[in-house]
Participant: 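I have a structure here, written as structure tokens, and I will follow up with some questions on it.
Model, not experiment: these values are computed from the prediction. All ligand and atom numbering here is 1-based and tracks the order in the structure.
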Amino acid sequence: MQSTLQFGRFNYPWRGQGVRARVMGILNVTPDSFSDGGNYQSLEFALSHAEQMIEAGVDIIDVGGESTRPGSPPVSLEDELQRVMPVLYALRDLGPAISVDTYKPQVMREAIIAGVDMINDINGFRAPGALDAVRDSDCALCIMHMQSDPQHMQLAPAYTDVVAEVIAFLRERAEALLAAGIDPRRLCIDPGFGFGKTVEHNYALLKATARLIDELNLPLLAGLSRKSMVGAVTGKPVEQRMAGSVGGALAAVAQGALIVRVHDVAETVDALKVWHAAH
Ligand code: 7PJ
């Protein structure tokens with residue numbers, strides 16, 4: 001059986017013939033982002049970072065204007081639009097697919113007008129108006145699982161059966177999108193590593209990657225780059241988590257993940273080339 005993900009201007013096979021894992025590079029345009037040290041707030045810096053990722057072979061650039069690291073305060077709609085929109089317009093015709101990391105329906109609407117190929121919503125399109133904002137377009141929709149919200153999610157993450165609960169949440173959200181009239185070929189799921197999860201929860205979910213894809217019958221995006229789950233196993237601080245993050249990306253792809261969301265594009269692209277050459 002062949003299945004493809006409708007990704008705006010692109011079409012990604014995710015099951016059957018011709019499947020290749022895609023590298024999504026993270027482009028933060030937040031002044032407080034922990035991994036990029038806030039260096040990419042200006043358009044100029046954002047564009048030079050994007051150019052480096054393009055040189056390195058990135059497939060998708062994920063533009064985010066609000067830090068969602070644990071404990072982060074929310075950003076106003078106006079600030080987020082001011083950060084993100086100039087970058088989306090500037091990146092639109094450089095080659096790679098463009099994604100926007102937002103949970104605000106008004107940002108989704110503006111980003112679709114700018115021509116993004118994916119809306120990546122850490123909130124799973126639960127905000128009032130989110131489904132209406134994305135319905136009439138052909139961009140992909142990444143539904144991510146999060147327990148609680150970014151300000152409180154790491155205080156006391158708790159599950160009876162984390163894998164079953166994440167699957168149930170993603171199924172409910174996928175059904176809500178389908179009931180709104182959205183084409184199933186646009187949907188993509190994400191277990192949301194680090195979003196209301198302990199290290200044990202994160203690894204239970206990473207180990208269950210193939211099961212999530214199989215039970216939900218949808219392509220999967222995995223985002224674990226530089227996260228605490230990598231630090232917990234390697235004992236390394238955030239600036240030394242590149243190799244560990246590449247290892248985690250390969251673990252996800254080996255179980256059928258279609259997209260890996262990463263900071264270290266060049267290293268991940270090389271690792272996936274070698275991995276694919278051996279499969
Ligand atoms: C994720 C994300 C993730 C998706 C962030 C960080 C925190 N979007 N946005 N999946 N994480 N789809 O990069 O450390 O895991 S922001």
Side-chain angles (χ1 to χ4, degrees), residues 5 7 22-30 32-38 40 49 53 59-75 80 83-84 97-104 107-108 111 116-126 130 134 139-147 149-151 153-154 157 166 169-170 173-174 187-197 199 201-203 205-206 209 212 218-232 237-239 241-242 244-245 248-249 251-252 257-265 268:
L5 172 62
F7 208 90
R22 310 289 158 158
V23 175
M24 169 184 268
I26 300 167
L27 185 61
N28 287 316
V29 284
T30 59
D32 61 342
S33 160
F34 76 111
S35 289
D36 290 317
Y40 296 103
H49 187 196
M53 294 201 278
D59 294 295
I60 305 154
I61 298 178
D62 187 40
V63 180
E66 172 167 346
S67 172
T68 46
R69 66 192 261 209
S72 295
V75 168
E80 190 176 337
R83 289 176 193 174
V84 156
I98 309 302
S99 161
V100 64
D101 189 340
T102 189
Y103 57 81
K104 293 190 181 73
V107 178
M108 297 176 187
V116 294
D117 302 291
M118 168 179 257
I119 308 279
N120 172 26
D121 183 359
I122 61 157
N123 198 35
F125 302 91
R126 286 179 288 175
V134 302
C139 61
L141 304 171
C142 183
I143 306 170
M144 199 194 80
H145 174 272
M146 168 170 59
Q147 186 176 76
D149 59 71
Q151 283 184 285
M153 64 193 181
Q154 290 309 106
V166 168
F169 172 88
L170 294 172
R173 292 316 303 154
L187 304 188
C188 174
I189 51 165
D190 182 341
F193 296 115
F195 285 84
K197 283 138 194 137
V199 170
H201 295 143
N202 287 321
Y203 280 98
L205 287 164
L206 181 54
T209 298
L212 264 68
L218 288 171
L220 184 143
L221 185 156
L224 50 79
S225 183
R226 299 186 189 172
K227 286 184 179 174
S228 60
M229 65 187 288
V230 176
V238 67
E239 66 278 5
R241 293 180 187 163
M242 186 268 282
S245 299
L258 175 66
I259 300 169
V260 286
R261 182 179 178 278
V262 307
H263 298 88
D264 301 292
V265 171
T268 310

Participant: One pair to check against salt bridge (charged side-chain N to carboxylate O under 4.0 Å, His left out): Glu66 and Lys104. What are the steps and the verdict?
Facilitator: CA-CA 10 Å; Glu66 172 167 346; Lys104 293 190 181 73; 2.8 Å; yes

Participant: Show which atoms of ligand 1 fall inside a sub-4.0 Å distance from at least one heavy-atom site of Leu221.
Facilitator: 12 (N)

Participant: Are a donor atom and an acceptor atom from the side chains of Glu80 and Thr102 found within less than 3.5 Å of each other?
Facilitator: yes

Participant: Do Arg226 and Glu239 sit within salt-bridge range, that is, some charged N less than 4.0 Å from a carboxylate O?
Facilitator: no

Participant: Just go through Lys227, Met144, Arg226 and tell me whose heavy atom is the nearest to atom 11 (N) of ligand 1.
Facilitator: Lys227

Participant: Once you restrict to heavy atoms under 4.0 Å, what part of Asp101 touches ligand 1? Side chain, backbone, both or neither.
Facilitator: side chain

Participant: Test of understanding: with side-chain contact (heavy atoms from CB on, under 4.5 Å), list the residues that count as partners of Asp190, not counting sequence neighbours.
Facilitator: Cys142, Met144, Leu221

Participant: With sequence neighbours left out, what residues match Tyr203 under side-chain contact (heavy atoms from CB on, under 4.5 Å)?
Facilitator: Val199, Leu206, Met229, Val233

Participant: Numbering the atoms of ligand 1 from 1, which are under 4.0 Å from a heavy atom of Gly223?
Facilitator: 15 (O)

Participant: Flag His263 as yes when one of its N or O atoms lies below 3.5 Å from any N or O atom of ligand 1, and as no otherwise.
Facilitator: no

Participant: Does any N/O atom on Ser225 come nearer than 3.5 Å to any N/O atom on ligand 1?
Facilitator: no

